[in-house]
Amino acid sequence: MKVFNVNGSVLQCYPLTAAQRIHNYTIKFCPHQVLNIGTGFYVQNEFDVDLLKKSIKLAYQQFESMRIRFLKDDDDTVYQYIIPVDDREIPVFDFSDWNEGDAHNEMKKWTAKPFERYNSPMNYIAIIKLPDGFNGIYLKVDHMTMDSSSLIMFDEYVLKMYCALCYGTEEPKPMMSYLKALEKDLGYEAGSAAYKKDEEFWMNEITSSEPMYTDFNGVGRIIAQRKENNNPDQRCAMVVSRDSSAAIAVYHLEKEPSERLMQFCLDNQVPMASLLLMGLRTILSKFNDNEKDVSVKSCVARRGTLLEKKSGGTRIHFFPIRTKIEPEQTFLEGIRVIQGEQNKLFRHANFDPIDYTIRRAKHWENPPGSSYESLCLTYQPMTLQRNDYEMPDIKYKSIWYTNGVAGQPLYLTVMHRAEDNGLDFNFEYRKDAVTESEMEYLYYYICRALFRGIEDHDRTVGEILDMI
């Protein structure tokens, strides 16, 4: 922690956490808007604009991470601090006479505009009026300050506070301190016993054996790079690109099949993330000549304690889930293997993912920008919750706006829809790596693997590979 004079005020400033350093590392080789997360949450209902503005400002006060600012010292080290009050005016945009697609395209443009990085707000919020009576809020945040869990909590806080002010319902419970969670994370990194234990675990994982790259488009990439490098035994692949142009493709799994997946998880006591990973790794195996050794980069939310859940901020760490599954093993046995690997990962997920990545590349002598994972999976179990007596029979919709760039070839986020709890598969893809039609193809086969598995979990992986 250091003290800086910022615009005449003496402020306590803190180092970045490992979760923030991931993003700070990303903008070293990507346009800064890569960290922008743009979302819209809309309900088919009229809002009292003044009360909605008041609800948003009250939420700003509760979420310390919405008041984060960054600064650089003389040696280019980035620090963060919290301003005590953010009382910016909240603009209102009336798109009710627009074509709805044009309105959303306008907000995509907003999402692609990077923030001024230092001593400046790292979020932007506006009240939006859309066609067909939908109204709500557009929110853009920098990923170094908020993640998807934080965004959902913020939107939920605003909605609950609005209902309390407008309808007299119960006010949302107070948030917890971001700074307390930050201090806990920094204490872990300062040579704690837990850190040393996690370091030992990850070094054992790195040195045990070399993983195998499996691409979501098949074996073409690794074969081409083996020829290019005259290395027939190459097991990693170059995944970075000079062209970071990206888009988002969203596929909606209907309510009934989504419920079947959730019921399978309930009946067999397995996490949805494990089921999704099983479907995904099955397809990666299928597309790569039935490869048994498959790795997927997995998102860990790191929100196990009440402080972590209620303090906002960005806490996501990314680590590989590597599984070796034999064709004779059943679908459910494969999920158990994944579940076991996830449990190990969760126990050691506080370790710095950038440090892990650098150590792994050094150990296996991999060039910068190469990887064993072709894609990343995030499962977001949180959805906005409301009570029917608060705002009954009102349609909701949420939008994830692309920022136009991506630092990795493919990032799949699976989320529950607010309106019916069905699953949305959001593919953020780099345009030079994959096309939207290829995304649709991948989504189709992921679903085939999932439903061939859950309809008979005693089917072997080999049988499912043959069926799909």
Side-chain angles (χ1 to χ4, degrees), residues 37 39-68 82-92 121-129 133-141 145-182 184 301 303-315 380-399 415-421:
I37 306 174
T39 62
F41 177 70
Y42 311 106
V43 301
Q44 199 171 34
N45 188 61
E46 284 294 330
F47 279 109
D48 181 313
V49 171
D50 289 336
L51 286 182
L52 185 54
K53 285 184 177 182
K54 183 176 180 180
S55 302
I56 293 168
K57 291 186 177 183
L58 288 169
Y60 265 118
Q61 286 306 112
Q62 283 292 315
F63 282 73
E64 290 178 343
S65 56
M66 290 292 280
R67 293 181 274 119
I68 290 175
I82 308 292
I83 64 167
V85 177
D86 190 331
D87 198 30
R88 282 174 287 155
E89 181 55 34
I90 299 164
V92 179
M122 303 309 292
N123 54 67
Y124 172 79
I125 193 165
I127 295 172
I128 304 296
K129 296 183 178 181
F134 279 92
N135 303 286
I137 57 177
Y138 165 86
L139 175 60
K140 179 176 76 169
V141 301
T145 66
M146 297 281 274
D147 57 25
S148 56
S149 297
S150 299
L151 287 171
I152 291 171
M153 283 188 288
F154 183 85
D155 281 341
E156 185 174 30
Y157 192 96
V158 171
L159 179 62
K160 285 185 174 181
M161 181 56 72
Y162 178 85
C163 290
L165 295 175
C166 193
Y167 306 122
T169 57
E170 184 179 356
E171 290 190 5
K173 294 180 180 178
M175 296 296 294
M176 300 189 76
S177 171
Y178 167 79
L179 287 179
K180 286 185 178 179
L182 171 64
K184 183 179 178 182
R303 294 193 182 271
T305 69
L306 184 61
L307 175 62
E308 292 166 352
K309 288 176 181 176
K310 297 282 288 181
S311 54
T314 189
R315 300 196 54 81
Q380 176 52 263
M382 294 178 64
T383 56
L384 281 163
Q385 301 295 321
R386 67 180 177 89
N387 295 316
D388 287 340
Y389 63 80
E390 292 175 355
M391 299 177 70
D393 301 323
I394 295 175
K395 292 183 179 179
Y396 290 69
K397 59 183 171 183
S398 56
I399 307 289
M415 303 178 69
H416 291 270
R417 290 186 297 275
E419 57 268 28
D420 64 1
N421 211 34

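Residues: numbered from 1 along the sequence shown.
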Counterpart residues, side-chain contact (heavy atoms from CB on, under 4.5 Å), relative to [X] (two or more places apart):
| X | result |
| --- | --- |
| M161 | S55, L58, Y157, L165, E171, P172 |
| L52 | F47, I56, I127, I137, V158, Y162 |
| D420 | K255, R417 |
| D87 | K57, V85 |

With salt bridge (charged side-chain N to carboxylate O under 4.0 Å, His left out) as the rule and sequence neighbours excluded, what pairs involving residues 173-182 come up?
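Matches after skipping sequence neighbours: none remain.
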
Pairwise salt bridge (charged side-chain N to carboxylate O under 4.0 Å, His left out) hits with a residue in residues 43-56, at least two apart:
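Pairs touching residues 43-56 that pass the test: K53-E89.
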
A side-chain contact here means heavy atoms from C-beta on lying under 4.5 Å apart; do [X] and [Y] qualify?
| X | Y | value |
| --- | --- | --- |
| K184 | T305 | yes |
| I152 | Q380 | yes |
| I82 | I68 | yes |
| M153 | R303 | yes |

Heavy-atom closest contact ([X] atom, [Y] atom, distance):
| X | Y | answer |
| --- | --- | --- |
| S311 | L307 | OG-O, 2.7 Å |
| M175 | G312 | CE-N, 4.1 Å |
| V49 | K129 | CG2-CE, 4.4 Å |

Please check: side-chain N/O of S65 versus main-chain N/O of M146, any donor-acceptor pairing under 3.5 Å?
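Between the backbone of M146 and the side chain of S65 there is no qualifying donor-acceptor contact (under 3.5 Å).
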
Is D147 reaching over with its side chain to a backbone N or O of R315, donor-acceptor style, under 3.5 angstrom?
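Confirmed, D147 side chain pairs with R315 backbone.
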
Non-neighbouring partners of Y178 that pass ring-ring contact (aromatic ring centres under 6.0 Å, His included), sequence neighbours left out:
none

Measuring from E64:CD to D86:CG, what's the distance to the nearest 0.5 Å?
13.0 Å

Applying side-chain hydrogen bond (donor to acceptor under 3.5 Å, both in side chains), name anything that partners Y60, two or more places apart in sequence or on another chain.
R88, N123

Excluding sequence neighbours, so at least two apart, what forms side-chain hydrogen bond (donor to acceptor under 3.5 Å, both in side chains) with K397?
E100

